[in-house]
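Below, chains carry the letters A, B, ... as their sequence lines are ordered, and counting in each starts from 1.
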Protein chains: 2
Amino acid sequence: MKRDRNGGIWDFEHEMAAAGGDQDLILGLDGGTTSTVCVCMPVIPLTDNHLPSDPPPVLARAVAGCSNHNSVGETAAKETLEHVMADALSKAGSTRSAVRAVCLAVSGVNHPTDQQRILDWLRAIFPNDVRCSVHNDAVAAMASGTMGKLHGCVLIAGTGTIAYGYTEDGREARASGAGPILGDWGSGYGIAAMALTSIIRAYDGRGPQTMLTSSILQELKLSSPDELIGWTYADPSWARIAALVPVVVSCAEAGDEVANGILLNAVQELASSVKAVVCRLGLCGKDGKDSCPLVMVGGVLEADRRWDIGQEVISCISKEFPGMRPIRPTVEPAVGAALLAWNFIKEQS
Amino acid sequence: MKRDRNGGIWDFEHEMAAAGGDQDLILGLDGGTTSTVCVCMPVIPLTDNHLPSDPPPVLARAVAGCSNHNSVGETAAKETLEHVMADALSKAGSTRSAVRAVCLAVSGVNHPTDQQRILDWLRAIFPNDVRCSVHNDAVAAMASGTMGKLHGCVLIAGTGTIAYGYTEDGREARASGAGPILGDWGSGYGIAAMALTSIIRAYDGRGPQTMLTSSILQELKLSSPDELIGWTYADPSWARIAALVPVVVSCAEAGDEVANGILLNAVQELASSVKAVVCRLGLCGKDGKDSCPLVMVGGVLEADRRWDIGQEVISCISKEFPGMRPIRPTVEPAVGAALLAWNFIKEQS
């Protein structure tokens with residue numbers, strides 16, 4: 001077994017090893033800015049060339065904090081990743097020697113250099129014959145909707161937003177995902193920031209009056225739009241602002257024109273990210289009529305409201321690309337990452 | 001003389017006092033987020049009810065760093081303010097006993113409580129008979145264009161933007177000035193952020209190609225739009241992004257449609273701030289035809305380019321309010337603050 005740089009993390013293996021009889025395992029990890037999830041699944045022998053329609057059972061699941069190296073720094077990110085993998089294996093009653101493949105899908109991995117750095121570190125942790133792969137977290141979201149197949153488009157819209165596309169021959173493209181300053185206007189942050197702006201504009205006479213004023217001030221327990229300035233700049237967290245999206249949806253459902261306009265604009269923005277990716281990769285063929293999966297993930301796209309942002313995005317995309325098949329994943333992204341790892345083993349065998 | 005809490009700041013007065021024969025003085029201070037300027041001017045006896053067309057000569061001028069309490073904290077802000085006033089008086093070869101009036105116009109003073117706190121502190125520094133006043137820095141900009149008269153509208157557009165209006169009977173109103181998250185879209189920051197966004201949108205296929213890509217990447221010495229994400233989030237300073245405005249203007253002058261669209265949008269935004277203030281205060285009378293000064297300040301409004309943002313803003317406002325008289329101040333805001341202090345003395349006498 002490889003060196004234990006973080007003395008203690010892998011100590012549990014000494015006891016497990018005595019038990020013997022390890023089942024072959026795969027690890028799938030979804031590393032986000034708020035939390036990191038690692039699942040451990042058994043390698044079930046494949047009977048044909050296709051992936052099964054149901055994923056293998058999750059043997060163990062471990063959760064840790066942020067593993068985005070841009071947010072917490074590389075050392076802390078790696079420690080979190082190593083801990084959560086060890087935790088999942090320990091809960092599964094197994095050790096690294098049972099692992100056949102590992103797939104890490106981590107937010108903040110945007111360049112081949114990021115990928116290579118994490119891959120080198122990962123290979124130093126696991127035995128040489130373990131199939132390791134490192135991706136952006138969008139890959140896990142995509143795979144969670146397609147049972148491990150990287151083909152089609154994934155649209156993620158939570159606090160931020162990004163669209164990724166993958167062709168069957170391995171090409172990739174992305175749109176958005178550049179953060180709020182650089183125009184991710186369909187994100188939860190973008191929607192809520194527009195709502196806050198509308199309140200200020202109504203208050204100082206630049207824009208029409210809106211129900212958003214009373215609803216958001218009530219939500220934030222503030223008494224005047226003036227106080228929004230202090231509230232906004234007191235804490236730079238994008239998630240804190242994005243958390244106001246349900247209030248905007250409620251106002252739109254109640255017929256508020258301003259809130260409605262903000263959501264319609266977000267729909268156009270989100271659809272334009274998907275359409276840009278589909279066009280660049282030719283995902284719907286030359287005439288735009290080919291079938292192609294569109295995996296939709298994130299709080300903004302959840303179909304739990306009468307004003308259904310996700311449904312409107314699909315309607316908007318379908319006008320141009322009628323073959324786009326929306327998929328709302330039934331498994332979590334970490335399972336998607338594990339299915340990718342499983343896919344790699346299948347390709348190798 | 002009052003207590004010297006910052007031992008040393010006022011030490012120079014002991015030597016000056018011996019010289020005697022102090023001329024009556026006023027202090028005007030413009031405190032911004034990047035720098036603070038204090039000027040010292042003589043009190044010239046007024047011959048009639050009107051202010052002269054030329055301001056009194058500046059006897060001394062002192063410069064210090066940021067005095068916005070939101071940026072540096074209250075203690076540091078006050079120390080900067082006290083230092084720069086002492087410095088100006090010392091350079092003028094005089095002492096606090098010669099001062100008749102002080103006017104501080106400091107950015108970040110948005111609420112009566114901010115104003116009162118600084119006023120109490122200011123009164124503890126100067127003799128009881130000194131006329132002290134504390135305002136937002138927009139007041140100094142307004143007064144710099146109207147020779148100390150608070151009537152009309154001032155539009156400031158630098159890194160940020162704000163419009164303030166003042167009626168002759170003492171009412172005030174503002175628009176914008178809520179920062180980039182809350183939609184100050186005509187600001188230098190707003191213009192540059194839109195340009196950066198356009199580059200990302202062109203790059204990922206959501207928007208049209210634009211000359212801004214090559215021009216801004218060259219300016220920032222970056223090789224790909226991808227690198228803009230890291231550049232943007234590496235340093236949260238708004239001024240650093242706003243510094244790209246001249247590049248956007250150059251591209252618009254060269255005929256780039258995207259850059260042109262960004263500037264036209266900024267013009268609409270800046271004009272809408274002024275119009276909102278004029279409407280709320282009725283500054284141009286019931287029919288909107290009355291004459292009213294519009295003081296224009298800040299890098300974005302400087303008339304030094306062929307694509308003249310300030311001129312376009314005036315054209316846009318004039319369609320609705322033909323009596324708006326644009327004024328580009330010939331003295332600096334600190335002199336405007338001193339003229340306000342002078343005005344107060346005149347009103348008292």
For chain A, the option from A173(B), A175(B), A163(B), G205(B) that forms the most heavy-atom pairs under 4.5 Å | A175(B)
Look at S198(B), A195(B), A193(B), S273(B) and state which one has the largest set of heavy-atom pairs under 4.5 Å with chain A.
-> S273(B)
Just by distance, with hydrogens left out, do R206(A) and S176(B) show a side-chain donor and acceptor under 3.5 Å apart?
-> yes
Which atoms of [X] approach chain A - backbone, side chain, both or neither, heavy atom under 4.5 Å:
X: Y233(B); answer: side chain
X: I199(B); answer: neither
X: I200(B); answer: side chain

Minimal heavy-atom distance between R174(A) and I229(B), with the atoms involved, is NH2-CD1, 3.9 Å
Are Y189(A) and I181(B) close enough that some pair of their side-chain heavy atoms sits under 4.5 Å apart?
-> yes
Under 4.5 Å between any side-chain heavy atoms of R201(A) and L182(B), yes or no?
-> no
For Q218(A), does the CD atom sit with more than 12 other heavy atoms under 6.0 Å from it, leaving out its own atoms?
-> no
Name the member of A178(A), G177(A), C279(A) that forms the most heavy-atom pairs with chain B at distances under 4.5 Å.
-> A178(A)
